[in-house]
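Below is one structure; the comments refer to it alone.
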Amino acid sequence: MDDHVMIAHSLQHEFFGPAQQLHGATLAIHASFEREGLDEHGVVMDIGEASRLLGQVLEPLRFKNLDEHPDFAEKFSTTEVIVHYVALQLAELLPEGHGLKALTIEAEENPTARASVRLPLTP
């Protein structure tokens, strides 16, 4: 499942060099859902439901300055932190009895920079 989100942020530490300044980023977000085999409908997860849930997680981030977002207070809003946040939020929205084994969220900042996190799930 693919979507994207446009955000602004700054990474306030000398480690991040010029990214310490407020800047914008468009992150291409890729969500993958994993299960053992297929469900009784022959799918891993319904595409429409996966798209709806991912959009619901990303909506509060769209066109926001993450420096001002309460979920990123006291954190560096790196791409890695953002994908971890998206994975945790998405996992919370999954319906009971989803049967998924894991989900992976990847964000691509540009064609040569991406980060991902795999979150194991308990059924």
Which heavy atom in [X] sits nearest to a heavy atom in [Y], and how many Å separate them?
| X | Y | result |
| --- | --- | --- |
| V83 | V117 | O-CG1, 3.5 Å |
| Q12 | Q20 | NE2-O, 2.5 Å |
| L53 | L90 | CB-CD1, 3.6 Å |

Any side-chain heavy atom of [X] sitting closer than 4.5 Å to one from [Y]?
| X | Y | answer |
| --- | --- | --- |
| I105 | Y85 | no |
| F33 | V43 | no |
| D3 | R62 | yes |
| I47 | M1 | yes |
| T26 | V5 | no |

Would you say [X] and [Y] are hydrophobically clustered, going by side-chain heavy atoms of ILVMFWY under 4.5 Å?
| X | Y | answer |
| --- | --- | --- |
| L100 | L93 | yes |
| F16 | V81 | no |
| F76 | L27 | no |
| V57 | F63 | no |

Main-chain N/O of A115 paired to E106 side chain as donor or acceptor, under 3.5 Å:
no
Taken in chain and number order and not counting sequence neighbours, the residues that satisfy ring pair (Phe, Tyr, Trp, His ring centres under 6.0 Å) with H23 are H9
